[in-house]
Amino acid sequence: MRLSRYFLPVLKETPGEAQVISHQLMLRAGMVRQTAAGIYAWLPLGKRVLARIEQIVREEQDRACAIEVLMPTIQSAELWRQSGRYEAYGPEMLRIKDRQDREMLFSPTAEELFTVIFQNGAKSYRDLPRNLYQIQWKFRDEVRPRFGVLRGREFLMKDAYSFDLDMAGARHSYNRMFIAYMRTFARMGLDAIPMQADTGPIGGDLSHEFIVLAPTGESDVFYHENWLHPRDTDGIDADDPAALEDFIAGLNQDYAATDEKRDLDAEAAAGPALRQSKGIEVGQVFYFGDKYTKAMGVSVQGPDGAPVTPLMGSYGIGVSRLVGAIIEASHDTAGIIWPDAVAPFKVALINLRADDAACSAACEGLYAELSAAGVEVLYDDRDERGGAKFATADLIGLPWQLVVGPKGIAQGVVELKRRRTGEKQEMTVEAALARLTA
Ligand code: P5A
């Protein structure tokens with residue numbers, strides 16, 4: 001992509017409305033614009049990051065045998081009356097009337113809809129277990145939308161719903177998502193700690209929140225210092241219920257809980273290893289058994305012919321919140337530092353003299369070769385000062401900066417800078433290409 005033809009409205013000044021660093025940087029880097037309280041337009045750079053995150057989430061859901069669907073955002077009040085949540089959900093639910101005066105709503109979550117869609121397609125015990133998921137916009141009319149996309153009113157969520165015949169199966173489904181979440185967040189360069197949590201309006205008696213530690217987080221969290229070392233999930237066979245159960249039981253030996261679920265005995269046992277901090281909840285998993293299937297009269301035919309009420313869990317990831325959470329965890333005074341896996345482009349190609357024929361020719365060559373090799377490049381071909389280009393590149397935080405100037409090009413060399421470390425290296429054009437396409 002050529003910057004001269006892109007849509008990247010960067011801001012020089014930090015907007016006064018933004019209190020936390022991720023919100024400030026997302027506005028300054030031209031990723032989002034607020035269009036109403038807690039509602040954001042996603043501009044090209046932000047959209048690319050969102051798509052990157054979505055794709056990692058999707059790959060790990062697919063790997064965990066969940067099946068992707070897409071449900072409508074607008075749902076009927078009737079559906080929600082069946083579970084009793086239409087009244088119970090309260091003012092966070094955005095209620096709408098259509099022209100026939102029918103009561104509708106913008107989905108804040110989708111347990112009810114997935115339950116009836118599942119019932120519609122599953123008749124016998126052979127149709128279980130199943131886990132269906134979607135990546136879809138949600139709306140919650142939060143009292144205090146704030147911190148940009150971290151607490152929006154409209155936000156993108158991955159929500160999955162599992163259906164099992166018995167408790168052992170349901171537990172395995174829960175554990176499978178648990179591991180999928182650890183893998184998902186690790187791939188994004190995040191250390192997300194699973195913590196025992198309250199269930200709130202979703203219900204049920206078993207739940208974990210996945211928390212990224214950050215001083216700007218809204219949750220108060222308590223955990224054993226062992227959690228400061230990332231856990232390796234590579235060798236775990238998620239198809240083996242016993243192996244998964246053992247692994248998670250092992251994890252649970254290290255205390256970690258949100259403030260609603262504090263266990264003072266466990267904290268005393270952790271002694272000086274106990275840590276307290278603020279955190280951002282990037283995902284939450286729930287087991288609630290037959291809460292919805294029973295209320296909504298769902299059953300399938302069991303092996304002996306008798307009806308069985310499926311047991312459910314639901315599993316959420318804050319996809320749009322993750323964009324802010326990753327920035328909270330990875331930035332410096334100059335701007336964002338994208339982890340490679342979620343970066344909107346891999347390389348900023350910086351032409352220091354767009355008015356110099358040799359310099360521009362070298363840049364065009366590099367741009368063509370990198371693009372042909374499948375490397376995503378944002379080519380700053382604008383007629384601007386070098387200083388402004390460096391500042392923009394640091395602000396938008398692409399992992400690599402490839403700097404091309406007339407003096408270097410006369411000797412066949414360019415400079416490659418790693419955004420995260422600031423480390424710069426002069427090398428030949430060929431060496432830079434080899435490095436970036438490796
Ligand atoms: C699980 C999936 C649920 O709604 N039902 C379907 C369950 N869980 S949850 O914890 O309430 O939400 C899931 C994740 O969505 C993100 N999230 C938000 N992100 C941005 N702005 C908000 N206002 C917001 N509310 C929730 C969180 O990451 C949460 O873990």
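Since the model is a prediction, treat every value here as computed from it, not as a measurement. Whatever order the structure lists ligands and atoms in, that order sets their numbers, starting from 1.
Taking the six-membered ring for Trp and thresholds of 30 and 60 degrees, W42 and W137 have ring planes inclined between 30 and 60 degrees apart.
The environment of NZ in K346 is crowded: more than 12 heavy-atom neighbours from other residues, nucleotides or ligands sit within 6.0 Å.
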Pairs of donor and acceptor atoms involving the side chains of residues 276-288, under 3.5 Å and at least two apart or interchain, shall be tabulated with distances.
| from | atom 1 | to | atom 2 | distance (Å) |
| --- | --- | --- | --- | --- |
| K278 | NZ | D220 | OD1 | 3.0 |
| Q284 | NE2 | D198 | O | 2.9 |
| Q284 | NE2 | S207 | OG | 2.8 |

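Residues with a heavy atom under 4.0 Å from ligand 1: T109, E111, R140, E142, V149, L150, R151, G152, F155, M157, D159, Y161, I202, E281, V282, G283, Q284, F286, S314, Y315, G316, G318, R321.
Annotation: cation-pi geometry satisfied between R48 and F345 (NZ/CZ under 6.0 angstrom from ring centroid, within 45° of ring axis). Because its NZ or CZ atom is not both nearer than 6.0 Å to the ring centre of Y315 and within 45° of the ring axis, R176 does not count as a cation-pi partner of that residue.
A salt bridge links D340 to R418: at least one charged side-chain nitrogen sits closer than 4.0 Å to a carboxylate oxygen.
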